[in-house]
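Notes follow once the structure below has been shown.
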Amino acid sequence: QPIMNLGNIFNNFINNIVIYPNPALDILNIKGDNIKLIKVYNSMGQMISSKDNINENITSIDTYSLNKGLYFVKILLNDEKSIVKRFIKE
């Protein structure tokens, strides 16, 4: 039996980062461990907000003032790996 490789372990870890509710109305919650920095981008790739100094495993982003549409959240982890997730603002 082959041993699970590190790529599989990393992919399983990344999948543990959850954003909700999606679609978002006033607040977007980001749940996960080892999050260092969160950046929110609009559909044209412009950064519209960021949040750092994260020491909780659930972080809330205020989405109340955002226009309706598609947005992207780039999540930088403590080990410098990053993941991008998308959400809809209603």
Side-chain angles (χ1 to χ4, degrees):
Q1 293 274 11
I3 299 172
M4 183 186 304
N5 68 36
L6 291 177
N8 288 340
I9 292 169
F10 180 70
N11 288 336
N12 289 337
F13 171 73
I14 282 296
N15 290 334
N16 287 334
I17 295 185
V18 178
I19 62 172
Y20 64 94
N22 193 4
L25 192 55
D26 298 335
I27 296 287
L28 180 72
N29 296 302
I30 300 164
K31 180 180 179 185
D33 295 326
N34 302 310
I35 296 174
K36 179 178 183 177
L37 174 68
I38 296 169
K39 295 182 180 180
V40 179
Y41 295 87
N42 64 18
S43 60
M44 305 212 314
Q46 300 164 316
M47 188 177 78
I48 54 173
S49 71
S50 67
K51 192 169 195 175
D52 60 1
N53 295 322
I54 297 163
N55 39 14
E56 303 286 328
N57 71 340
I58 299 177
T59 302
S60 295
I61 303 288
D62 182 5
T63 58
Y64 178 79
S65 62
L66 299 180
N67 293 325
K68 292 182 179 183
L70 176 65
Y71 292 86
F72 298 91
V73 179
K74 183 175 184 179
I75 302 161
L76 180 67
L77 304 174
N78 286 328
D79 63 2
E80 302 301 320
K81 302 253 190 295
S82 65
I83 183 171
V84 176
K85 295 203 173 240
R86 63 183 178 180
F87 73 94
I88 303 286
K89 163 62 164 103
E90 281 192 338

Show the nearest heavy-atom pair for residues Phe87 and Ala24, with the distance to one decimal.
CD1-CB, 4.2 Å
Asn53, Leu76, Ile54, Ile75 screened by side-chain contact (heavy atoms from CB on, under 4.5 Å) with Leu37, the one that passes:
Leu76
Salt bridge (charged side-chain N to carboxylate O under 4.0 Å, His left out) with Glu56: which residues, sequence neighbours excluded?
none
May I ask you to decide if Asp26's main-chain N or O and Thr63's side chain share a donor-acceptor pair within less than 3.5 Å?
yes
To the nearest 0.5 angstrom, please state how far the NZ atom of Lys81 sits from the CD1 atom of Ile83.
12.5 Å
Closest approach of Glu90 and Leu25, non-hydrogen atoms and distance?
O-CD1, 3.6 Å
Out of curiosity, does Val84 fall in the hydrophobic cluster containing Leu70 (side-chain heavy atoms, cut-off under 4.5 Å, transitive links)?
yes
For the residue pair Lys31 and Tyr20, what are the closest heavy atoms and their distance?
CB-CE2, 4.1 Å
For Ile30, does its backbone N or O pair with a side-chain atom of Lys85 as donor and acceptor, under 3.5 Å?
no
In Å and rounded to the nearest 0.5 Å, what is the OG1 to CD1 distance from Thr59 to Ile19?
12.5 Å
Side-chain (Asn22) to main-chain (Arg86) donor-acceptor, under 3.5 angstrom
yes
Do side-chain atoms of Asp52 reach the backbone of Lys36 as a donor and acceptor pair under 3.5 angstrom?
no
Any heavy-atom pair between the side chains of Ile27 and Ile61 that's under 4.5 Å?
no
What closest approach, in Å, do Tyr41 and Lys74 show between heavy atoms, and which atom pair accounts for it?
CE1-CB, 3.8 Å
If Ile, Leu, Val, Met, Phe, Trp and Tyr residues are connected whenever their side-chain heavy atoms lie under 4.5 Å apart, and connections chain through other members, are Ile58 and Val18 in the same group?
yes
Ignoring hydrogens and geometry, is there a side-chain-to-backbone donor-acceptor pair from Ser60 to Asn29 under 3.5 Å?
no
Do Asp79 and Asn34 have side chains that approach each other closer than 4.5 Å (heavy atoms only, starting at C-beta)?
no
Between atom CD of Gln46 and atom CZ of Phe72, what is the distance when rounded to the nearest 0.5 Å?
12.5 Å
